[in-house]
Number of protein chains: 2
Amino acid sequence: MTRQDDPRPLDEVDRTLLALLEEDGRMSNAQLARESGLAESTCLARVRSLRERGVIRGVHADVDPATVGRGVEAIVAVRFAGHARADIEEFTAAVPDLPGVVSLLHVSGGTDFYVHVAQPTAGDLRDFVLDHLTTRSGVAHAETSLIFDSRRGRRPLSEG
Amino acid sequence: MTRQDDPRPLDEVDRTLLALLEEDGRMSNAQLARESGLAESTCLARVRSLRERGVIRGVHADVDPATVGRGVEAIVAVRFAGHARADIEEFTAAVPDLPGVVSLLHVSGGTDFYVHVAQPTAGDLRDFVLDHLTTRSGVAHAETSLIFDSRRGRRPLSEG
DNA sequence: AGTGAAATCGAAACTGC
DNA sequence: GCAGTTTCGATTTCACT
């Protein structure tokens with residue numbers, strides 16, 4: 001298994017590699033080595049180590065939902081009735097497997113979860129919320145906000 | 001420039017390639033070709049086309065914020081006083097450049113923006129909200145929710 | 001931990017289908 | 001739009017430091 005909690009602190013070279021891969025996850029090992037000033041073999045070992053320690057959780061293509069027939073994006077704020085642990089855990093386990101779910105955030109405060117979804121049409125969005133969220137055990141309320149525009153942060157997380 | 005709005009519909013092979021790259025953005029062209037049943041040259045051209053058409057917006061390493069010294073994640077719901085276009089546009093342009101911003105969503109409803117941030121400590125989070133969000137022109141209110149847990153959707157967006 | 005050289009394998013361009 | 005060939009570059013291992 002991969003270790004998620006190795007306490008070894010990151011040095012400057014690690015942060016450089018992370019910033020490069022956050023920007024372009026398909027950059028070749030050879031180019032990573034050049035830009036970070038490492039030998040290729042060393043660079044390969046560093047990146048593997050970052051993965052094994054759970055610093056790099058994965059590398060994923062960012063697909064524009066609108067171009068794959070999912071042009072309607074929304075954030076659904078879900079509030080629970082009680083806070084039965086079993087309900088919360090089942091929700092957390094089940095929702096990421098539903099089609100069109102981009103991400104699921106469990107948060108503090110008046111809202112318990114934010115669900116980021118992408119659906120083909122407004123009707124599909126309504127069906128998704130009614131069929132898969134509000135009907136779920138423990139869910140008291142779901143409030144849907146359409147996403148007009150979304151953008152990634154432009155700074156590498158691994159910086160200063 | 002890359003075209004963002006080519007209306008050409010995606011076929012099954014495109015969707016297969018997208019699903020593979022959403023899962024593992026570092027998969028080699030050779031392996032993509034094997035798994036999709038294409039010749040390598042064809043596969044290369046297909047992936048390039050998906051990028052040029054804006055279907056693949058980028059490929060990015062997913063870095064665990066906690067491992068790079070940003071263990072405090074939050075969603076900040078921002079509400080504007082009026083809805084002056086200039087304020088909205090300036091907010092949209094400026095916030096993604098702030099350190100620790102993961103993503104920015106402009107949404108409909110009572111909240112105008114959701115800002116996903118990752119900061120080193122609770123104090124840094126407070127400073128971020130007070131210094132960079134609530135002081136910004138047009139901002140009426142910011143409500144911060146700590147993120148207990150976050151997970152990606154497990155289905156490729158490009159499916160079904 | 002980091003390196004350099006060597007062997008294997010992949011990328012990218014080009015050809016013809 | 002697809003497959004075979006070739007050239008060039010990248011990946012990975014290993015012996016050494």
Side-chain angles (χ1 to χ4, degrees), chain A residues 1-64 67-69 156 158-159, chain B residues 1-64 67-69 156 158-159:
Chain A
M1 250 309 274
T2 61
R3 311 183 57 181
Q4 311 247 25
D5 48 3
D6 192 314
R8 227 174 324 174
L10 303 173
D11 63 17
E12 273 316 301
V13 175
D14 288 323
R15 289 181 189 276
T16 302
L17 293 173
L18 290 172
L20 290 167
L21 286 172
E22 284 183 82
E23 182 78 16
D24 176 9
R26 280 186 82 75
M27 186 176 288
S28 74
N29 181 67
Q31 196 178 344
L32 284 171
R34 282 193 294 270
E35 303 219 9
S36 64
L38 293 173
E40 293 181 8
S41 53
T42 309
C43 185
L44 193 71
R46 285 271 193 158
V47 173
R48 185 185 316 124
S49 166
L50 287 169
R51 261 181 187 280
E52 283 167 358
R53 286 184 280 161
V55 178
I56 297 174
R57 292 190 286 212
V59 179
H60 306 286
D62 174 19
V63 171
D64 182 350
T67 64
V68 295
S158 43
E159 91 176 357
Chain B
M1 250 305 274
T2 62
R3 311 182 58 182
Q4 309 248 26
D5 49 3
D6 192 314
R8 229 173 321 175
L10 304 173
D11 64 17
E12 272 317 301
V13 175
D14 287 324
R15 288 181 190 275
T16 301
L17 294 172
L18 290 172
L20 290 167
L21 286 172
E22 283 183 81
E23 181 80 16
D24 176 9
R26 278 187 84 73
M27 185 176 290
S28 75
N29 181 67
Q31 197 177 344
L32 283 171
R34 283 193 293 272
E35 302 219 11
S36 62
L38 293 173
E40 292 182 12
S41 55
T42 307
C43 186
L44 195 70
R46 286 269 192 159
V47 173
R48 183 167 35 226
S49 167
L50 287 168
R51 261 184 186 279
E52 283 169 356
R53 285 184 280 162
V55 178
I56 298 175
R57 290 189 287 212
V59 179
H60 306 286
D62 175 20
V63 170
D64 182 351
T67 64
V68 294
S158 43
E159 91 174 358

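Letters A, B, ... are given to chains in the order of the sequence lines, protein chains preceding strands, and every chain is numbered from 1.
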**Fill in**
Separation of dT12(D) atom P from Asn29(A) atom CG, nearest Å, is 7 Å

**Side-chain heavy atoms of Arg53(B) within contact of Asp14(B), under 4.5 Å** = yes

**Fill in**
Rounded to whole Å, CD of Glu40(A) lies from C1' of dG9(D) at a distance of 9 Å

**Request:** Find the distance Leu17(A):CG to dG2(C):P and express it as a whole number of Å.
**Result:** 11 Å

**Request:** Ignoring the backbone of Ser41(B), work out which of dG10(C), dA3(D), dT12(D) is nearest its side chain.
**Result:** dA3(D)

**Prompt:** Rounded to whole angstroms, how far apart are CG on Leu38(A) and P on dT3(C)?
**Reply:** 6 Å

**Request:** Rounded off to whole Å, could you give me the CG-to-P distance for the Leu44(B) and dG1(D) pair?
**Result:** 13 Å

**Prompt:** Below 4.0 angstrom, N of the basic side chain to O of the carboxylate: do Asp11(B) and Arg46(B) qualify?
**Reply:** yes

**Prompt:** Does Leu44(B) offer a backbone N or O that forms a donor-acceptor pair with the side chain of Asn29(B) under 3.5 Å?
**Reply:** yes

**Asked** Does CD belonging to Glu159(A) count more than 12 external heavy atoms closer than 6.0 Å?
**Response** yes

**Item:** Protein-nucleotide distance (Met27(B), atom CE; dA10(D), atom P), rounded to Å
**Value:** 21 Å

**Request:** Give the nucleotide from the list dA3(D), dT3(C), dT11(D) with an atom nearest to the side chain of Ala39(B).
**Result:** dA3(D)

**Asked** Does a side-chain N or O from Arg48(B) land closer than 4.0 Å to OP1 or OP2 of dA12(C), or not?
**Response** no

**Asked** Rounded to the nearest 0.5 Å, how far apart are OG of Ser36(A) and CD of Glu12(A)?
**Response** 12.0 Å

**Prompt:** For Asp11(A) and dA1(C), what is the distance between atoms CG and P respectively, to the nearest whole Å?
**Reply:** 12 Å

**Request:** Return no unless some side-chain N or O of Arg46(B) is found under 4.0 Å from OP1 or OP2 of dG1(D).
**Result:** no

**Prompt:** Quick one: does Ser28(A) reach the base of dA10(D) with a side-chain donor-acceptor pair under 3.5 Å?
**Reply:** no

**Request:** Using only side-chain N and O atoms of Thr42(A), determine if any of them is under 4.0 Å from OP1 or OP2 of dT3(C).
**Result:** yes

**Request:** Report the base-pairing partner of dA1(C) (Watson-Crick or G-U wobble, both distances below 3.5 angstrom), or none.
**Result:** none

**Complete:** From CZ of Arg26(A) across to P of dG10(C) the rounded distance in Å is 13 Å

